[in-house]
Amino acid sequence: MLSEKERERYRRQILLFGEEGQNRLKDAHVFIAGAGGLGSPVAIYLAVAGVGSLTIVDNDVVELTNLNRQILHRDRDRGRPKVDSAVEKLREINPDITVRGIQTTIQERNIRSLVEDVDGIVDAMDNYPLRYLLNETALSMQIPLFHGAIRGFNGQATTIIPPRTACLRCIFPHPPPVEVFPVVGVTAGYIAMVQANEVIKYIVQCGELLTNRLLLWDGLESRAEEIKVDKNVSCCSCGTGREETGI
Amino acid sequence: MKVRIRFFARFRELLGSEIMEEITKGTSLAELVRIIALRRSREGYDALFDRGGTFHPFVIIMRNGVRLSPPEAEHVQVSEGDDIAIFPPVAGG
(Lines give C-alpha, C1' and ligand atoms only; values in the text may rest on other atoms or scores of the structure.)
Protein backbone atom coordinates (compact mmCIF):
# COMPACT_ATOMS: atom_id res chain seq x y z
CA MET A 1 0.00 0.00 0.00
CA LEU A 2 1.18 3.49 -0.82
CA SER A 3 1.18 6.20 1.84
CA GLU A 4 -0.39 9.59 1.16
CA LYS A 5 3.09 11.05 0.82
CA GLU A 6 4.02 8.38 -1.72
CA ARG A 7 0.85 9.00 -3.72
CA GLU A 8 1.85 12.63 -3.89
CA ARG A 9 5.53 11.99 -4.62
CA TYR A 10 4.78 9.63 -7.50
CA ARG A 11 1.61 11.31 -8.73
CA ARG A 12 2.93 12.01 -12.24
CA GLN A 13 3.98 8.43 -12.85
CA ILE A 14 0.91 6.94 -11.19
CA LEU A 15 -0.85 8.72 -14.06
CA LEU A 16 1.23 6.50 -16.34
CA PHE A 17 1.02 3.08 -14.78
CA GLY A 18 -1.45 3.41 -11.91
CA GLU A 19 -1.14 2.62 -8.22
CA GLU A 20 -0.75 -1.04 -9.13
CA GLY A 21 2.41 -0.26 -11.08
CA GLN A 22 3.70 1.99 -8.32
CA ASN A 23 3.09 -0.74 -5.76
CA ARG A 24 5.07 -3.14 -7.93
CA LEU A 25 7.96 -0.68 -7.88
CA LYS A 26 7.65 -0.30 -4.12
CA ASP A 27 7.75 -4.06 -3.62
CA ALA A 28 10.75 -4.55 -5.93
CA HIS A 29 14.36 -5.12 -4.95
CA VAL A 30 16.99 -4.23 -7.54
CA PHE A 31 20.66 -5.07 -7.32
CA ILE A 32 23.05 -2.55 -8.90
CA ALA A 33 26.50 -4.00 -9.57
CA GLY A 34 28.78 -0.96 -9.50
CA ALA A 35 28.47 2.58 -8.13
CA GLY A 36 30.38 4.21 -11.00
CA GLY A 37 29.50 5.80 -14.33
CA LEU A 38 26.49 3.61 -15.10
CA GLY A 39 25.58 2.70 -11.54
CA SER A 40 25.24 6.32 -10.41
CA PRO A 41 22.51 7.46 -12.82
CA VAL A 42 20.76 4.08 -12.75
CA ALA A 43 20.56 4.26 -8.94
CA ILE A 44 19.37 7.88 -8.93
CA TYR A 45 16.55 7.23 -11.40
CA LEU A 46 15.43 3.99 -9.78
CA ALA A 47 15.42 5.80 -6.42
CA VAL A 48 13.30 8.70 -7.64
CA ALA A 49 10.95 6.27 -9.41
CA GLY A 50 10.29 4.61 -6.05
CA VAL A 51 11.91 1.19 -6.41
CA GLY A 52 11.40 0.08 -2.81
CA SER A 53 14.75 -1.60 -2.19
CA LEU A 54 18.06 -0.88 -3.85
CA THR A 55 21.26 -2.73 -3.12
CA ILE A 56 24.38 -1.17 -4.58
CA VAL A 57 27.73 -2.95 -4.50
CA ASP A 58 31.19 -1.60 -5.22
CA ASN A 59 34.63 -2.13 -3.76
CA ASP A 60 36.30 1.14 -4.79
CA VAL A 61 36.80 4.51 -3.19
CA VAL A 62 35.97 7.77 -4.94
CA GLU A 63 38.83 9.24 -6.96
CA LEU A 64 39.10 12.59 -8.70
CA THR A 65 39.20 10.93 -12.14
CA ASN A 66 35.76 9.38 -11.44
CA LEU A 67 33.98 12.70 -11.13
CA ASN A 68 33.46 13.46 -14.84
CA ARG A 69 30.81 10.72 -14.98
CA GLN A 70 30.07 9.14 -11.59
CA ILE A 71 27.42 11.64 -10.66
CA LEU A 72 26.53 10.28 -7.22
CA HIS A 73 29.90 11.42 -5.92
CA ARG A 74 31.17 14.90 -5.11
CA ASP A 75 34.59 16.46 -4.79
CA ARG A 76 34.31 16.20 -1.00
CA ASP A 77 33.78 12.42 -1.28
CA ARG A 78 37.29 11.73 -2.57
CA GLY A 79 38.77 8.83 -0.61
CA ARG A 80 35.38 7.63 0.70
CA PRO A 81 34.02 4.23 -0.24
CA LYS A 82 31.77 4.71 -3.26
CA VAL A 83 28.93 2.79 -1.63
CA ASP A 84 28.94 5.11 1.42
CA SER A 85 28.86 8.16 -0.81
CA ALA A 86 26.13 6.59 -2.97
CA VAL A 87 23.89 5.53 -0.08
CA GLU A 88 24.09 8.98 1.52
CA LYS A 89 22.97 10.73 -1.69
CA LEU A 90 20.28 8.21 -2.53
CA ARG A 91 18.74 8.50 0.95
CA GLU A 92 18.65 12.28 0.50
CA ILE A 93 17.07 11.90 -2.92
CA ASN A 94 14.35 9.56 -1.66
CA PRO A 95 14.02 8.85 2.08
CA ASP A 96 10.93 6.70 1.43
CA ILE A 97 12.90 3.78 -0.03
CA THR A 98 15.44 1.38 1.47
CA VAL A 99 18.98 1.70 0.16
CA ARG A 100 21.70 -0.72 1.12
CA GLY A 101 25.36 -0.33 0.19
CA ILE A 102 27.83 -3.20 0.33
CA GLN A 103 31.52 -2.54 -0.04
CA THR A 104 32.88 -5.75 -1.48
CA THR A 105 34.33 -7.23 -4.63
CA ILE A 106 31.76 -9.24 -6.51
CA GLN A 107 33.14 -12.72 -7.01
CA GLU A 108 32.08 -16.29 -7.50
CA ARG A 109 31.98 -17.10 -3.80
CA ASN A 110 29.65 -14.23 -2.81
CA ILE A 111 27.52 -13.39 -5.83
CA ARG A 112 24.71 -15.87 -5.17
CA SER A 113 24.14 -14.63 -1.64
CA LEU A 114 24.31 -11.00 -2.80
CA VAL A 115 21.47 -11.46 -5.28
CA GLU A 116 19.42 -14.18 -3.61
CA ASP A 117 16.22 -12.16 -3.10
CA VAL A 118 16.45 -9.57 -5.89
CA ASP A 119 14.06 -9.03 -8.78
CA GLY A 120 16.67 -7.75 -11.21
CA ILE A 121 20.41 -7.23 -11.63
CA VAL A 122 21.78 -4.08 -13.25
CA ASP A 123 25.14 -4.61 -14.94
CA ALA A 124 27.06 -1.42 -14.19
CA MET A 125 30.46 -3.12 -14.17
CA ASP A 126 33.53 -2.05 -16.13
CA ASN A 127 34.95 -5.42 -17.19
CA TYR A 128 33.83 -8.61 -18.91
CA PRO A 129 35.00 -11.25 -16.39
CA LEU A 130 32.61 -9.78 -13.81
CA ARG A 131 29.90 -9.29 -16.43
CA TYR A 132 30.17 -12.96 -17.36
CA LEU A 133 29.86 -13.85 -13.67
CA LEU A 134 26.69 -11.73 -13.39
CA ASN A 135 25.41 -13.42 -16.56
CA GLU A 136 26.07 -16.94 -15.23
CA THR A 137 24.39 -16.06 -11.95
CA ALA A 138 21.39 -14.47 -13.65
CA LEU A 139 21.00 -17.59 -15.80
CA SER A 140 21.28 -20.09 -12.98
CA MET A 141 19.01 -18.14 -10.62
CA GLN A 142 16.68 -16.97 -13.40
CA ILE A 143 16.99 -13.29 -12.54
CA PRO A 144 16.67 -10.63 -15.28
CA LEU A 145 19.95 -8.91 -16.17
CA PHE A 146 20.01 -5.38 -17.51
CA HIS A 147 23.27 -4.96 -19.42
CA GLY A 148 25.00 -1.72 -20.30
CA ALA A 149 28.54 -0.79 -21.31
CA ILE A 150 30.26 2.34 -22.57
CA ARG A 151 33.42 3.58 -24.26
CA GLY A 152 34.06 7.13 -25.45
CA PHE A 153 30.88 8.39 -27.12
CA ASN A 154 29.66 4.83 -27.70
CA GLY A 155 27.48 2.59 -25.63
CA GLN A 156 25.49 -0.62 -25.80
CA ALA A 157 22.58 -2.05 -23.86
CA THR A 158 20.39 -5.13 -23.87
CA THR A 159 18.00 -6.90 -21.53
CA ILE A 160 18.36 -10.57 -20.69
CA ILE A 161 15.41 -12.54 -19.32
CA PRO A 162 16.63 -16.06 -18.50
CA PRO A 163 16.03 -18.62 -19.82
CA ARG A 164 14.13 -17.38 -22.86
CA THR A 165 16.34 -14.67 -24.38
CA ALA A 166 19.87 -14.40 -25.72
CA CYS A 167 22.33 -14.13 -22.83
CA LEU A 168 25.40 -11.91 -22.65
CA ARG A 169 27.66 -14.75 -23.87
CA CYS A 170 25.37 -15.44 -26.80
CA ILE A 171 26.02 -11.87 -27.92
CA PHE A 172 29.61 -11.42 -26.75
CA PRO A 173 31.36 -14.80 -26.53
CA HIS A 174 34.78 -13.17 -26.23
CA PRO A 175 35.74 -10.09 -24.20
CA PRO A 176 37.46 -7.14 -25.85
CA PRO A 177 41.08 -6.32 -24.85
CA VAL A 178 41.47 -4.71 -21.44
CA GLU A 179 42.18 -0.97 -21.59
CA VAL A 180 41.81 2.27 -19.65
CA PHE A 181 38.70 3.31 -21.51
CA PRO A 182 38.07 6.90 -22.53
CA VAL A 183 34.59 8.16 -21.68
CA VAL A 184 32.49 11.27 -21.37
CA GLY A 185 29.82 11.39 -18.66
CA VAL A 186 26.92 11.88 -21.04
CA THR A 187 27.55 8.47 -22.62
CA ALA A 188 27.20 6.84 -19.22
CA GLY A 189 24.04 8.87 -18.65
CA TYR A 190 22.48 7.82 -21.95
CA ILE A 191 23.10 4.09 -21.51
CA ALA A 192 22.18 4.19 -17.81
CA MET A 193 18.82 5.72 -18.75
CA VAL A 194 18.16 2.86 -21.15
CA GLN A 195 18.97 0.39 -18.37
CA ALA A 196 16.85 2.16 -15.73
CA ASN A 197 13.98 2.47 -18.20
CA GLU A 198 14.17 -1.28 -18.86
CA VAL A 199 14.13 -2.05 -15.13
CA ILE A 200 11.06 0.12 -14.58
CA LYS A 201 9.20 -1.43 -17.55
CA TYR A 202 10.07 -4.92 -16.37
CA ILE A 203 8.80 -4.27 -12.84
CA VAL A 204 5.70 -2.36 -13.87
CA GLN A 205 5.05 -4.84 -16.69
CA CYS A 206 4.58 -2.38 -19.51
CA GLY A 207 6.02 -1.80 -22.96
CA GLU A 208 8.38 -4.01 -24.89
CA LEU A 209 11.70 -4.97 -23.36
CA LEU A 210 15.04 -4.67 -25.14
CA THR A 211 15.38 -8.45 -25.34
CA ASN A 212 17.06 -10.23 -28.24
CA ARG A 213 18.09 -6.80 -29.43
CA LEU A 214 21.33 -4.94 -28.83
CA LEU A 215 21.02 -1.18 -28.74
CA LEU A 216 24.13 0.60 -30.02
CA TRP A 217 24.45 4.31 -29.24
CA ASP A 218 26.81 6.52 -31.21
CA GLY A 219 26.98 9.86 -29.45
CA LEU A 220 29.27 11.38 -32.07
CA GLU A 221 26.66 10.87 -34.77
CA SER A 222 23.69 11.10 -32.38
CA ARG A 223 22.44 7.81 -33.72
CA ALA A 224 20.90 4.86 -31.90
CA GLU A 225 20.78 1.64 -33.88
CA GLU A 226 19.64 -1.80 -33.02
CA ILE A 227 21.04 -5.21 -33.91
CA LYS A 228 18.84 -8.27 -33.69
CA VAL A 229 20.48 -10.97 -31.59
CA ASP A 230 19.44 -14.58 -31.10
CA LYS A 231 20.17 -17.26 -28.57
CA ASN A 232 23.28 -19.11 -29.62
CA VAL A 233 22.50 -22.82 -29.41
CA SER A 234 26.17 -23.60 -28.75
CA CYS A 235 26.61 -20.77 -26.20
CA CYS A 236 29.02 -21.78 -23.44
CA SER A 237 26.79 -20.14 -20.81
CA CYS A 238 23.23 -21.06 -21.83
CA GLY A 239 23.57 -23.48 -24.75
CA THR A 240 25.16 -26.79 -25.60
CA GLY A 241 28.65 -25.34 -25.03
CA ARG A 242 27.82 -25.24 -21.34
CA GLU A 243 28.11 -29.02 -20.99
CA GLU A 244 31.20 -29.13 -23.20
CA THR A 245 33.10 -26.58 -21.16
CA GLY A 246 31.77 -27.92 -17.86
CA ILE A 247 30.68 -24.46 -16.69
CA MET B 1 27.11 -6.70 -57.09
CA LYS B 2 26.52 -4.25 -54.25
CA VAL B 3 26.65 -4.80 -50.50
CA ARG B 4 26.40 -2.52 -47.48
CA ILE B 5 28.92 -2.65 -44.65
CA ARG B 6 28.31 -0.80 -41.41
CA PHE B 7 30.94 -0.36 -38.75
CA PHE B 8 30.08 0.61 -35.17
CA ALA B 9 31.80 2.18 -32.14
CA ARG B 10 35.61 2.23 -32.32
CA PHE B 11 35.56 0.56 -35.73
CA ARG B 12 33.39 3.38 -37.04
CA GLU B 13 35.85 6.00 -35.79
CA LEU B 14 38.66 4.25 -37.65
CA LEU B 15 36.94 3.05 -40.81
CA GLY B 16 33.82 5.15 -41.39
CA SER B 17 30.19 4.43 -40.66
CA GLU B 18 28.53 3.05 -43.75
CA ILE B 19 30.14 1.83 -46.93
CA MET B 20 28.43 0.68 -50.12
CA GLU B 21 30.85 -1.60 -51.92
CA GLU B 22 30.82 -3.03 -55.42
CA ILE B 23 32.31 -6.52 -55.31
CA THR B 24 32.89 -9.50 -57.57
CA LYS B 25 30.94 -12.69 -57.09
CA GLY B 26 32.61 -15.28 -54.89
CA THR B 27 34.26 -12.84 -52.46
CA SER B 28 34.17 -14.04 -48.86
CA LEU B 29 32.87 -11.74 -46.15
CA ALA B 30 36.24 -11.69 -44.37
CA GLU B 31 38.09 -10.92 -47.62
CA LEU B 32 35.72 -8.06 -48.37
CA VAL B 33 36.26 -6.51 -44.94
CA ARG B 34 40.04 -6.98 -45.21
CA ILE B 35 40.06 -5.13 -48.55
CA ILE B 36 37.97 -2.24 -47.21
CA ALA B 37 39.93 -1.95 -43.95
CA LEU B 38 43.33 -2.00 -45.67
CA ARG B 39 42.20 0.67 -48.10
CA ARG B 40 40.88 2.95 -45.36
CA SER B 41 43.14 2.74 -42.33
CA ARG B 42 45.97 0.55 -41.14
CA GLU B 43 44.91 1.21 -37.55
CA GLY B 44 41.39 0.17 -38.44
CA TYR B 45 42.67 -3.03 -40.05
CA ASP B 46 44.71 -3.87 -36.93
CA ALA B 47 41.66 -3.24 -34.75
CA LEU B 48 39.74 -5.90 -36.71
CA PHE B 49 42.38 -8.45 -37.68
CA ASP B 50 45.38 -10.16 -36.13
CA ARG B 51 48.77 -10.41 -37.83
CA GLY B 52 47.67 -13.47 -39.74
CA GLY B 53 44.72 -11.55 -41.20
CA THR B 54 42.09 -13.36 -39.11
CA PHE B 55 39.33 -11.48 -37.31
CA HIS B 56 40.09 -10.96 -33.62
CA PRO B 57 37.87 -13.36 -31.65
CA PHE B 58 35.94 -10.55 -29.93
CA VAL B 59 34.82 -8.91 -33.20
CA ILE B 60 31.06 -9.27 -33.76
CA ILE B 61 30.15 -9.99 -37.38
CA MET B 62 26.52 -9.90 -38.50
CA ARG B 63 25.20 -10.64 -41.99
CA ASN B 64 21.56 -9.74 -42.58
CA GLY B 65 20.93 -9.96 -38.84
CA VAL B 66 22.57 -13.36 -38.45
CA ARG B 67 25.71 -13.72 -36.40
CA LEU B 68 28.80 -15.28 -38.03
CA SER B 69 31.86 -16.52 -36.18
CA PRO B 70 35.24 -15.34 -37.49
CA PRO B 71 35.93 -18.76 -39.14
CA GLU B 72 32.48 -18.70 -40.77
CA ALA B 73 33.18 -15.23 -42.15
CA GLU B 74 36.16 -16.70 -44.03
CA HIS B 75 33.91 -19.10 -45.93
CA VAL B 76 30.61 -17.25 -46.34
CA GLN B 77 30.38 -15.53 -49.71
CA VAL B 78 28.63 -12.19 -49.81
CA SER B 79 25.57 -11.80 -52.00
CA GLU B 80 23.84 -8.90 -53.74
CA GLY B 81 22.09 -6.65 -51.22
CA ASP B 82 23.78 -8.11 -48.14
CA ASP B 83 23.79 -5.91 -45.05
CA ILE B 84 26.92 -6.50 -42.99
CA ALA B 85 27.47 -5.06 -39.51
CA ILE B 86 30.81 -5.23 -37.71
CA PHE B 87 31.28 -4.06 -34.13
CA PRO B 88 33.32 -4.57 -30.98
CA PRO B 89 31.91 -5.08 -27.49
CA VAL B 90 32.53 -2.00 -25.35
CA ALA B 91 33.60 -2.65 -21.77
CA GLY B 92 33.41 0.48 -19.63
CA GLY B 93 30.85 1.17 -16.96
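To find a chain, count down the sequence lines: A is the first, B the second, and so on, and within it residues start at 1.
Without hydrogens or angle criteria, A:Y128 side chain to B:P89 main chain gives no donor-acceptor distance under 3.5 Å.
Looking at A:P175, the atoms closer than 4.5 Å to chain B (heavy atoms on both sides) all sit in the backbone: N, CA, C or O. Proximity to chain A is limited to the backbone of B:P88, based on heavy atoms less than 4.5 angstrom apart. Heavy-atom distances place no part of A:Q70 under 4.5 Å from chain B, backbone and side chain included. Proximity to chain A (any heavy atom under 4.5 Å) is shown, for B:A91, by both the backbone and the side chain.
The two residues A:H174 and B:F58 make their nearest non-hydrogen contact at O-CB, 3.5 Å. Here the shortest heavy-atom pairing between A:Q156 and B:V90 reads OE1-N, 3.1 Å. B:M62 approaches A:I227 most closely through the heavy-atom pair CE-CG2, 3.5 Å. Smallest separation of non-hydrogen atoms from B:I60 and A:P173: CD1-CD, 4.4 Å.
Considering OG of B:S17 and CG of A:L220, their distance stands at 11.0 Å, rounded to 0.5 Å. Considering CZ of B:F8 and CG of A:L214, their distance stands at 9.0 Å, rounded to 0.5 Å. Here the CG atom belonging to A:N154 is positioned 7.5 Å from the CZ atom belonging to B:R12, to the nearest 0.5 angstrom.
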Show your reasoning for whether side-chain contact (heavy atoms from CB on, under 4.5 Å) applies to B:F87 and A:L216. CA-CA 9 Å; B:F87 58 95; A:L216 297 172; 4.2 Å; yes

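Classification of B:R67 and A:D230 as a salt-bridged pair fails, no side-chain N sitting under 4.0 Å from a carboxylate O. Residues A:E221 and B:R6 are not paired through a salt bridge, judged by the lack of any N-O separation under 4.0 Å between the basic side chain and the carboxylate.
Atom OH of A:Y45 has 12 or fewer heavy atoms from other residues, nucleotides or ligands within 6.0 Å. Within a 6.0 Å radius of CD in A:E108, other residues, nucleotides and ligands contribute 12 heavy atoms or fewer. Surrounding CD of A:E208 are at most 12 heavy atoms belonging to other residues, nucleotides or ligands under 6.0 Å away.
Chain B forms the most heavy-atom pairs under 4.5 Å with one residue out of A:V183, A:I191, A:V229, A:I171, and that residue is A:I171. In terms of heavy-atom pairs under 4.5 Å with chain B, the best-connected choice from A:A124, A:P177, A:A188, A:G148 is A:P177. When A:R131, A:E179, A:K228 are compared by the number of non-hydrogen pairs under 4.5 Å with chain B, A:R131 comes out ahead.
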